[in-house]
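The structure under discussion appears below in the form of structure tokens.
One-based numbering, in listed order, for ligands and for the atoms of each. For clarity, every value in this text was computed on a predicted model and none was experimentally measured.
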Amino acid sequence: MHVTGARPNFPKAAPVLEALRGRVNQVLVHTGQHYDDRLSRVFFDELGLPEPDIDLGAGSGSHAAQTAAVMVGLEEVFTRQRPDLVVVYGDINSTLAATLVAAKLLIPVAHVEAGLRSFDMTMPEEVNRRVTDQLSDLLLVTSADAVGHLAREGVPADRIHFTGNPMIDTLVKHLDRFDEAAARARHGLTGDYLVATLHRPANVDDPAAVARLVAMLHEVAGRMPVVIPLHPRGRAGLEAAGLSSSTGIVVCEPLPYSAFLGLVRGAAAVLTDSGGVQEEATVLGVPCLTMRPNTERPVTITHGTNRLVTVEGVPAALDQVLGAPAPVRPAPPERRPPLWDGAAGRRIAEVIITWLDSRTPVTLPKEPASQVVSG
Ligand code: UDP
């Protein structure tokens, strides 16, 4: 049973479901953590994900309210269907919720994209990753540094599998659809342009941080247009701070997958605080300035195009990046991070099938754990 809930999950889950198709019975649960069609429905159609078998419609809320709503919904589903394995993706609240519920029902968990660490506990995603990894039985890892983090946290080596990056499978599969010319036409772009994505709380929640961000974007928009497919999170604050008031700023709705990556593919550089975009820019060979003090994806710096910058440091970093020799686009396979090769979904499927074939059946308690809630 695969549990997905939000935009960053879908490009990771699609190759895993595809590689397992016809080999095991699969059930896809969508928790509805992202319910906006532009962050959810559009990805199912485009990435060839099957229609979810179960849609919990959990929706938004505070971290506690959202995690709790997903947990209540999943407890009922897991108790009724008793999957042999729950597969969770990434670091969102639904990932954590599914893992907690499965662990208490003694249902094993496989975590795709395990072991990433920013070591920044102010990021809710870091909390979700750490707890999920502690409770998972199969830890499917996208980069070698993650293996070390898990080992240091005491995860037994036989649970950890370096299978590569399934999000890059999706990127490689759809590369021919990333149409730079169509993206230019759609957004009225003729010369060089930048793409920006922003949604992390540290950048878009605090009004003073938002004001600094908007001032920086206006400054760089004086140099070349900045196209911003704006995430609903933070939109009101950015607009209230005057984001759209500069003619060089092109704000649009969140884009479907190929339209977004077509836009990124043609950009002079990307400014972002996203996790996934750092990885995609690395493989597309597009310079990436990440407006965060840390990254859980250091391989995008050591093997890719990524640099960490402060918001104030973006204009100077941009000067350096645009003045340096341009990276090859897309990055040739031998220059990409190890196992970012388009075959991670197949390796993950092999690990899961081998595990299913070799597992020792779990003896269930007489009463399901879900009903024993005393104390
Ligand atoms: N993405 C998209 N359209 C957009 C912005 C992003 O299709 O307008 C995709 C892109 O593939 C990215 C993924 O959504 O990697 C997840 O991005 P997001 O920044 O929402 O999540 P994060 O990776 O930061 O958790």
Among Asn93, Thr67, Asp133, exactly one meets side chain to side chain donor-acceptor pair (under 3.5 Å) together with Asn128. Which residue is that?
Asn93
Per-ligand residue contacts, ligand 1, heavy-atom threshold under 4.0 Å
Arg7, Pro8, Phe43, His199, Arg200, Pro229, Pro254, Leu255, Pro256, Tyr257, Phe260, Ser274, Gly275, Gly276, Val277, Glu280
Suppose we screen for side-chain contact (heavy atoms from CB on, under 4.5 Å). Which residues come up paired with Leu308, at least two apart in sequence or across chains?
Thr290, Thr295, Ile301
Connecting only ILVMFWY residues whose side-chain heavy atoms lie within less than 4.5 Å of each other, what is the rest of Ile160's hydrophobic cluster?
Leu139, Val141, Val147, Leu150, Val155, Phe162, Leu339
Minimum heavy-atom separation for Ser118 to Met123, with atom names?
OG-SD, 3.6 Å
Taking atom CG as the centre, does Asn25 end up with more than 12 heavy-atom neighbours from other residues, nucleotides or ligands that are less than 6.0 angstrom away?
no
With sequence neighbours excluded, what pairs up with Glu219 under the side-chain hydrogen bond (donor to acceptor under 3.5 Å, both in side chains) test?
none
